[in-house]
Amino acid sequence: MTNSPVSSSEGNSFDLLDPRIQHWIWASGWTELREAQDRAIPLILDGSEDLIIAASTASGKTEAAFLPILTRMVAPSPHPLLAIYISPLKALINDQWRRLEELTEKLEIVVTPWHGDIGQQRKERFLKSPQGCLLITPESLEALLCRRGHGLAGLLSRLAYVVVDELHAFIGTERGKQLQSLLHRIEKALGRPVMRIGLSATLGDMEGAAAFLRPDSSRNVSMIDSKGGGNELKVLVKGYLESTSSGANDPESAGVAKAAIASDLFRVLRGSSNLVFPNARSEVEYYADSLRDSCEQMGLPNEFWPHHGNLSKEVREGTEEALKQIDRPATAICTSTLELGIDIGPVKSVVQIGPPPSVASLRQRLGRSGRRKGEPMILRAYCIEEESDDPGISELLRENLLTTTAMVRLLAEGWYEPIRARKMHASTLVQQLLSTISQYGGAHAQRLWDLLCVSGPFRAVTSAQFASLLRELAKREIVFQDHTGLLFLAPAGERMTEHYTFYAAFATEEEYSIVSGNQTLGSMPITRPLSPDSYLIFAGRRWQVVSISSNEKVVEVKPAAGGTVPKFNGTMGADTHDRVREEMRKILRSSLAVPFLDAKGQELLAGARGNYCRMGLDHKWILQSGGEVQIMLWCGDVIKDTLALMLQQRGNRLAYEGGLSIPVKGATAESVREHLKELADGPAISPLELASSVQNKIGEKWDGLLPVELLDASFASAKLDVGGVQSVLRTRFNEE
DNA sequence: GACCTGCTGCGGAGTG
């Protein structure tokens, strides 16, 4: 292939591919293999190590994995091979299915998509001839193991590769723990390791990702980190001041800043395609409605479309289609639904309203713009600060503007939050235990312990905790042990594993469907049912409620002129990282101008710096104000929350609602100082003891089935950092 | 004090 039209920067990866695949590459008009593809091909063909491919969106990661996998599949062999591709989204499976079909058309390789929306016929065809590429979700794979476990070794006997897409979306979550367990159970059933390939755009640290992909380190994980040429970054952060003093209860005056932001967005975004991230579904509804209304007022076709997780598939696909149309401008107002790799067209700029949840998330969002060579990435951020008669510390230090400024600076430095995967997820152990018993139709306690906790991913669980979990499940008649020592599912356990809701590792609430005529607009939580005739803004439009059916959980609506933005049930917020809070303090201590702030932003920052000096915050971190004491730790939320619990456990009364400080009520600075000194220098309190003092620890799906001590341990692993508290307190005392 | 994701087997009606 000396005159091959496709060049390869290093080595001869192209030459290693099957000629038919080489022809496909040529016919697709590619002039060269991307760096990640070039490097991945020999490693995947060799197959003796695991692999992580981290490369930017639209850099051909999927092809990097599948070009060599398909080459292996079409090579002459007595046994046809099988590859499993695991995706966190059904939409992504459908995308990849289309792309792979195009590639495999002439190769006679069967590609089988498998998730909840795929018909039974296709699934049965795969079960009869389990080869080719299986594209599946973790939940469907769980169901496969749980229900067809007997034949698993036969079914997957040809398995040669496991590809995990969007790896970062799994790390540190219940779904990620479930996925690790599934991969381990498959290898144990086969009695051999299978090459694992992780694909990701954003990875804070590659070592952490490797430890996630192969937790027992029994195989080496190679890494391809192809960051790609960074496009120029253009940033503008705008500040807004909202007065909430005196007339604060007047609903008309609340939202002046939001209206100003909406009108600025209309002015700068019209005529191009953009993504707007306002941080909350209710805010998405506000801006989508307001911007669509502005288009209508001016007699223009609508360019603004909503996208969030409570909107129906049809509404979301409508927005995605509008974005893909290159010849017509379209801007999506969205939540993190548009952060993952669903295929949307190129966008000119990304708008962030309010502080981003994390630097990593900001980076992922920004990666959606400036995708073409030479085009800059454009970020416009809007920050609303409040001004009241009785300002708190967060208000005086302009926390929203300051957080956004700190995150933009860290982003520009190239820093983002490393992966945190120290959580035990004992809730998911309950699922894996029951699923494994179902898979084998009964199992010895010792075997389950070995499989899940000794060689498997629940390494943080002790044998005593595991034994107490089995006793708890037996007490609840979910499992029982026969005279030979085998564990079986009891009737309650069988009902659990047979119900379709068992296969997802994460919990969700029940919701009402919102229906207009024969169109389903989406769904809403049922904790706040609407009264008939009330008005509602949903899917970026205005509606009136016609009827509510509690039995069928359906709200019927019709178009209307009025409406208010709905409330959704938010869960706990994101944990801001230590480094972000340190950067915020650094900005307050400096007097240098921040060039990407607008005039109002500069003015607000100058005020915050003045307040920081006036309060003496450079050396003082325990402040007395009236009967309240404020503790300023300048650390991330996990440590701050842990200290709040420690103080509460020692009898302090807190008025803690997040923010920059921990307020202690009815105390003196001296007494609080004494407590903090003892905590800093005294023996470290055990995280389990601290956890046992916490009232509501139920957070994950099966937490309610855990014995007390295991629940405490699982809570502590996810939420507490006692060592971190001591270390931060010592730093603060030393600085005085 | 954000956001997001996913799900089997069967029975019955309707159609070719």
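Atoms considered below: every heavy atom in the structure, side chains included; atoms not considered: hydrogens, waters and symmetry mates. By convention in this document, chain letters (A, B, ...) are assigned in the order of the sequence lines, proteins followed by strands, and residues within each chain are numbered from 1.
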Whole-Å distance between [N] [atom2] and [X] [atom1]?
X	N	atom1	atom2	answer
A/Asn400	B/dA2	CG	C1'	13 Å
A/His577	B/dG1	NE2	P	22 Å
A/Asp575	B/dA2	CG	P	12 Å
A/Arg281	B/dG1	CZ	P	16 Å
A/Ile353	B/dA2	CD1	C1'	14 Å
A/Leu338	B/dT5	CG	P	10 Å
A/His168	B/dC4	NE2	P	15 Å
A/Asn279	B/dC3	CG	C1'	9 Å

For [X], enumerate each residue passing the side-chain hydrogen bond (donor to acceptor under 3.5 Å, both in side chains) test, keeping only those at least two apart in sequence or located in another chain.
X	value
A/Thr62	A/Gln96
A/His150	none
A/Asp721	none
A/Arg196	A/Glu187

Partner set under salt bridge (charged side-chain N to carboxylate O under 4.0 Å, His left out) for [X], not counting sequence neighbours:
X	answer
A/Arg125	none
A/Lys324	A/Glu321
A/Lys258	A/Glu283
A/Asp637	A/Arg581, A/Lys640

Hey, which sits more toward the 5' end of DNA chain B by its nearest nucleotide, A/Arg175 or A/Ser361? A/Ser361

Just checking, any donor-acceptor pair under 3.5 angstrom between side chains of A/Gln432 and A/Arg185? yes

Does the side chain of A/Asn279 come under 3.5 Å of the side chain of A/Gln352 through a donor N or O and an acceptor N or O? yes

Scan nucleotides 7-13 of chain B nucleotide by nucleotide, 5' to 3', and note B when protein non-hydrogen atoms come under 4.0 Å of the base, S if they reach only the sugar-phosphate, - if neither. BBS----

Could you pull out all residues at least two apart from A/Trp702 that satisfy ring pair (Phe, Tyr, Trp, His ring centres under 6.0 Å)? A/Phe502

What does A/Pro88 touch in the nucleic acid at a heavy-atom separation under 4.0 angstrom: a base, only the sugar-phosphate, or nothing? sugar-phosphate

Is there a side-chain polar atom (N or O) of A/Arg316 under 4.0 Å from OP1 or OP2 of B/dT5? yes

Please list, in numerical order, the residues of residues 630-647 of chain A that have a heavy atom closer than 4.0 Å to any atom of DNA chain B. A/Asp641

Pull out every protein N or O sitting under 3.5 Å from an N or O of nucleotides 14-16 of chain B, one pair per line with the distance.
none

